[in-house]
Amino acid sequence: MSLISLASVKMASSSFSSVVARLNGLMTTTTTATTHFLKKAPAVATTSLSMMMMSSTPRRSIKVLAALYPDPLCGYPPEYARTNVPTIKDTYADGTRLPTPKSKPEYTPGELLGCVSGELGLRSFLEKQGHTLVVTSDKDGEESEFEKHLHDADVVISQPFWPAYLDEARLAKAKKLQLVITAGVGSDHVDLKACKSPGVQSGRLRVHSSGTTSKEEEKKKTQQNSDENKPPITVAEVSFCNSISVAEHVVMLVLVSVRNFVNSHEMARVTSNGTQKSMCGAYDDGWNIADLVQRAYDLEGMHVGTVGAGRIGLAVLRRLKPFDVTLHYTDFHRLDKSVEQELNLTFHETPQELAQACDVITINCPLHSGTENLFDDDMIRNHMRRGAYLINTARGLIVDRDAVVRALNDGHLSGYGGDVWFPQPAPLDHPWRTMPWSCMTVHMSGSTLSAQARYAAGVREILECFLAKKPIRDEYLIVHGGGWLARAGTATFKTAIEKLRTRSGKKSTEFRRSDLFFVPGSVAGRDYPTGRELGV
């Protein structure tokens, strides 16, 4: 029996006076036992409305549906490697302030918050106000827990690391959905065009050939008209919360790739039979230095470039400068001359120009129709230097999956370091899991315990504003009020639109602002299956 059913039976068996007392706000129920049970469930945590509002003025309760990655296989950690996380200043590098929720979190920064049992620290915060929280890692497929609860969810929370893909079909099922929050940065798992359109939840009315409609269709039409009056869905994310986390990961992948660290580490580990396999497949005593250094180089003196110089890209450039490398960048929005001079940067108008000049290229740009498949066979073979390294912590679809595998196998690329895949999670037979000369992680760069504390606080701040019907910070907003990009990055994207128009030769009427955004299932005229369609 479900928890919701148990709650119903319990209330039905209560005395009449007890029910009256509940309705008058004189009595509350406890969720201690239920919450304890839920902490043990790694796949899904669900409770019904269990705390009645104490206020004399009733407020509509909402349902929050969160898709978070599963708990650790060995269980939720009883303790951590460190007792705390480092404290950083109150503002980020660009002057934006850190998340500032009004309510005090019930968790300690440094706890594991991004998984199912962590619940982003939201359960007590929401249930005390009479709201419902459903947390699950089962996010893909029509029979998933996420899909079962989507129809009446007011708010959906997801992560770039474990995305619950919200395409138009799913959004059409979410009749009550008002707000989509990304716990992190990057909302390309959401069909932003559909969220922008009023009445995205409305169905289509089929008209008979005679021009008349059946009673059922009239009913649908009435519902459609009602739905079309609904406001567009707001999409928000916690900007900058994990940008430095990702930038540090980029620097790590650059060094790991150039120094041939992965193979060196593997050789240092003894196998169960007491021998070690060398890079050429032969077994020896595990101390073949020449085997490893034949592919190891110094980063010093290399030319390193970033495609995208926003918050992450610029942070990467700043962290690489002390390595005595020559730095390059390309972006739709050119950096201030003072920054270029400070870091001794070389600006390139196009990614192709940058590729020709660099030994190491790191991708730090968003996924949209202008960057999808940017690094394909043509870019890798006709523009990148032979033996270059490619680092990607942005989005998996920015590179051509198979082109990367081919280039590593034939030596055109010396290495590929990545943290992002498509789809996510990637199936076990994904070719990037076995390709040579690579260092891959499973999209964890932006989910360190330090970052989790910030994006959990940011999600709470956004929810506080939503519940209080107060404005959400501009820098958090991606889609709001039927308009694109209410956040501070609007100027950059305006520049991007103009440059894309110029490069593509399109007229203004043929190029829309929405062309800058990724739509799950259809990118740049090509059909891609969403994670839900792939059943992963």
Side-chain angles (χ1 to χ4, degrees), residues 72-74 77 79-82 245-304 316 319-326 358-363 380 384-393 399 401-421 425-445 447-449:
L73 294 177
C74 296
E79 58 182 3
Y80 297 88
R82 293 176 54 88
S245 310
V246 177
E248 290 181 358
H249 202 87
V250 171
V251 175
M252 177 188 73
L253 290 177
V254 169
L255 291 169
V256 165
S257 298
V258 172
R259 299 304 292 264
N260 195 23
F261 174 83
V262 172
N263 290 298
S264 302
H265 173 68
E266 286 302 313
M267 184 169 287
R269 297 175 64 86
V270 178
T271 59
S272 58
N273 61 5
T275 62
Q276 184 54 281
K277 188 177 182 179
S278 68
M279 285 167 41
C280 65
Y283 285 88
D284 59 13
D285 59 2
W287 203 265
N288 193 332
I289 298 173
D291 219 29
L292 302 170
V293 298
Q294 64 177 313
R295 293 185 69 93
Y297 298 88
D298 291 342
L299 182 60
E300 181 183 20
M302 286 191 176
H303 288 254
V304 183
V316 168
R319 282 155 180 74
L320 286 174
K321 187 177 186 298
F323 286 90
D324 291 330
V325 295
T326 302
C358 292
D359 304 294
V360 180
I361 297 173
T362 169
I363 303 171
I380 294 173
M384 290 184 69
R385 294 178 175 181
R386 186 187 181 283
Y389 302 87
L390 184 60
I391 311 297
N392 182 16
T393 59
V399 305
R401 183 194 70 178
D402 296 331
V404 168
V405 176
R406 286 190 290 268
L408 289 171
N409 279 319
D410 66 21
H412 201 89
L413 284 178
S414 284
Y416 181 85
D419 183 55
V420 287
W421 309 64
L428 291 176
D429 61 354
H430 195 293
W432 286 1
R433 289 184 180 268
T434 55
M435 63 187 180
W437 318 122
S438 63
C439 47
M440 299 295 300
T441 52
V442 291
H443 205 171
M444 48 77 64
S445 62
S447 195
T448 62
L449 294 180

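None of these values were measured; they are calculated from a predicted model.
When all heavy atoms are compared, the tightest approach of R319 to A247 is CD-CB, 4.4 Å. In plain terms, the two heavy atoms of C358 and A388 that are nearest each other are O-CB, 4.2 Å. Here the shortest heavy-atom pairing between N260 and L292 reads ND2-O, 3.0 Å. Contact between L408 and P436 at its shortest, heavy atoms only, is CD1-O, 3.3 Å.
In this structure the side chain of V258 never reaches within 4.5 angstrom of the side chain of D298, judged on heavy atoms. The closest side-chain heavy-atom distance from M384 to L390 is below 4.5 Å. Taking the side chain as every heavy atom from C-beta outward, D402 and P431 approach each other to under 4.5 Å. Using a 4.5 Å cut-off on side-chain heavy atoms (C-beta onward), W432 and V399 make contact. Within the 4.5 Å cutoff, the side chain of W437 has heavy atoms near those of the N263 side chain.
Looking only at distances, a side-chain donor or acceptor of R295 sits under 3.5 Å from a matching main-chain atom of S414. The closest donor-acceptor contact from the side chain of D410 to the backbone of H412 lies under 3.5 Å. Between the side chain of E248 and the main chain of S245, no donor-acceptor pair closer than 3.5 Å is present. One N or O on the side chain of S438 and one on the backbone of M435 form a donor-acceptor pair closer than 3.5 Å.
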Q | Check against side-chain contact (heavy atoms from CB on, under 4.5 Å), E300 and V325 | A | CA-CA 5 Å; E300 181 183 20; V325 295; 5.8 Å; no
(Q) Set out, in order, the CA-CA distance, both residues' side-chain angles and the distance that settles side chain to side chain donor-acceptor pair (under 3.5 Å) for Y416 and N392, then state yes or no. (A) CA-CA 8 Å; Y416 181 85; N392 182 16; 3.3 Å; yes
Q: For the pair M302 and F323, evaluate side-chain contact (heavy atoms from CB on, under 4.5 Å) and give the outcome as yes or no after the intermediate values.
A: CA-CA 9 Å; M302 286 191 176; F323 286 90; over 6 Å; no
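Ring-centre distance between W421 and H443: not below the 6.0 Å cut-off.
Summarising the local packing, CZ of R386 is surrounded by 12 or fewer heavy atoms from other residues, nucleotides or ligands at distances under 6.0 Å. Within a 6.0 Å sphere centred on CZ of R385, other residues, nucleotides and ligands contribute more than 12 heavy atoms.
Annotation: the span from Y389 atom OH to L413 atom CG amounts to 10.5 Å, rounded to 0.5 Å. In this structure, CE on M267 lies 5.0 Å from CG on N288, to the nearest 0.5 angstrom.
Counted by atom type alone, D419 and T393 present zero donor-acceptor pairs between their side chains at under 3.5 Å. Side-chain polar atoms of T441 and H249 form a donor-acceptor pair below 3.5 angstrom.
Considering V254, V251, D359 in turn, V254 is the only one that fulfils the side-chain contact (heavy atoms from CB on, under 4.5 Å) rule with L299. Checked against C439 for a side-chain contact (heavy atoms from CB on, under 4.5 Å), the options V262, L255, I391 give a single hit: V262.
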